[in-house]
Number of protein chains: 2
Amino acid sequence: MGAGSRYDGEVLAALRREDRFRSCQEVHALIADSRGGPQRPPSLSTVYRTLHRLAREGEVDTIQSEDGERLYRRCETPSHHHLLCRVCGHAQEVPHARELRTVLTRVERSTGFTGLAYSLEFAGVCPDCA
Amino acid sequence: MGAGSRYDGEVLAALRREDRFRSCQEVHALIADSRGGPQRPPSLSTVYRTLHRLAREGEVDTIQSEDGERLYRRCETPSHHHLLCRVCGHAQEVPHARELRTVLTRVERSTGFTGLAYSLEFAGVCPDCA
DNA sequence: GAAGATTATGATAACCGTTTTCATTTTGGC
DNA sequence: GCCAAAATGAAAACGGTTATCATAATCTTC
Ligand SMILES: [Mn+2]
Ligand SMILES: [Mn+2]
Ligand SMILES: [Zn+2]
Ligand SMILES: [Zn+2]
């Protein structure tokens, strides 16, 4: 059932090229650049389809930029939050914050909501940009 | 310096009509519906401009829906997180979680990032939908 | 390995929320 | 009222994403 694309490897490699979230069009350009020779890169359609599927399969994480662009990143650890540099866009994973367990049960009890989930993201200025 | 629109009142009233995040086009439709008589509603452009400015001024909060739509809500408390029902879309504010102070300083120290900010959102199933 | 069915790909158009443009209308100061 | 400044409406432009469909690659079965 390997319902995969022949470009999965190159797409994931492009995402790993630098530690930041990338748009589909950036990934497409990165793949094109990484091919010196005359071999043609995948079409933009294929990159869109591949990233969409990789996200659905949980292979890549997605966020939405402020202007509605979908950005992708290949994450390493299973449970983490994202920390982004506001200046250079550098992204890194920070370990899951245990304190959120307490918060979660408190919110569940005080509101009556069930099946609670959360999303926590950080933004700041990285050491290089400071 | 009241650089406001003559429709601010109606836009905010539409947002308050029901407790959920609304898109610009929804707000536009709500305003149109709320006018029984022959008086014409504001144009869609004006609603876009008004919501954009109200968000910039901090009068309304914005989030991005999964498909990239910008959604707006008129919030009441100064510091809070959002809790959304996955079924009906109901939104409510939950008080700011103090535990995040600890998390924030820990992330700052362990990563070297400065000027850290966070965004924490909750989603679940509200009592009515359960 | 050939024939046919199935799936992936590429080029293009369609889609849709949002922004820009600009002519017209409304507002505010004098 | 008169003029300048700001707001509005209608339409076009924009940009990221998805849908379409003909073609190409891959897989199945014999
Ligand atoms: Mn991640
Ligand atoms: Mn809010
Ligand atoms: Zn940086
Ligand atoms: Zn509900």
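None of these values were measured; they are calculated from a predicted model. Proteins get letters first, then strands, A, B, ... in listed order; numbering begins at 1 in each.
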**Partner set under side chain to side chain contact (heavy atoms under 4.5 Å, CB included) for B:S43, not counting sequence neighbours** = B:S45, B:T46

**Prompt:** Who passes side chain to side chain contact (heavy atoms under 4.5 Å, CB included) against B:F122, sequence neighbours left out?
**Reply:** A:V103, A:L104, A:V107, A:L116, A:Y118, B:H81, B:L83, B:V94, B:L120

**Message:** One thing to verify: whether A:D61 and A:R74 come together as a salt bridge, which I'm taking to mean a side-chain N less than 4.0 angstrom from a carboxylate O.
**Reply:** no

**Request:** From the options D:dG9, C:dG17, D:dT17, select the nucleotide whose nearest atom is closest to the side chain of B:E69.
**Result:** C:dG17

**Request:** Tell me which nucleotide among D:dG9, D:dT18, C:dG10 gets nearest to the side chain of A:H52.
**Result:** D:dT18

Under 3.5 Å between N/O atoms: give me all the protein pairs with nucleotides 21-23 of chain C, atom names plus distance.
none

**Prompt:** Heavy-atom count around B:H52 NE2 within 6.0 Å, excluding the residue itself: above 12?
**Reply:** no

**Asked** Is the CZ atom of A:R101 crowded by more than 12 outside heavy atoms at less than 6.0 Å?
**Response** no

**Message:** Holding to ring-ring contact (aromatic ring centres under 6.0 Å, His included), I want the full list of residues that pass it with A:H90, two or more places apart in sequence or in another chain.
**Reply:** none

**Asked** Aromatic ring centroids of B:F21 and B:H82 under 6.0 Å?
**Response** yes

Show each protein N/O and nucleotides 23-25 of chain D N/O combination with a separation under 3.5 Å, one pair to a line.
none

**Prompt:** So, do A:Q64 and A:L71 sit near enough that their side-chain heavy atoms are less than 4.5 Å apart?
**Reply:** no

**Message:** With each end axis built from five pairs of C1' atoms, what bend angle do you get for the helix from C:dG1-D:dC30 to C:dC30-D:dG1? Round to 10°.
**Reply:** 30°

**Prompt:** Side chains of A:T77 and A:E93: is there a donor and an acceptor less than 3.5 Å apart?
**Reply:** yes

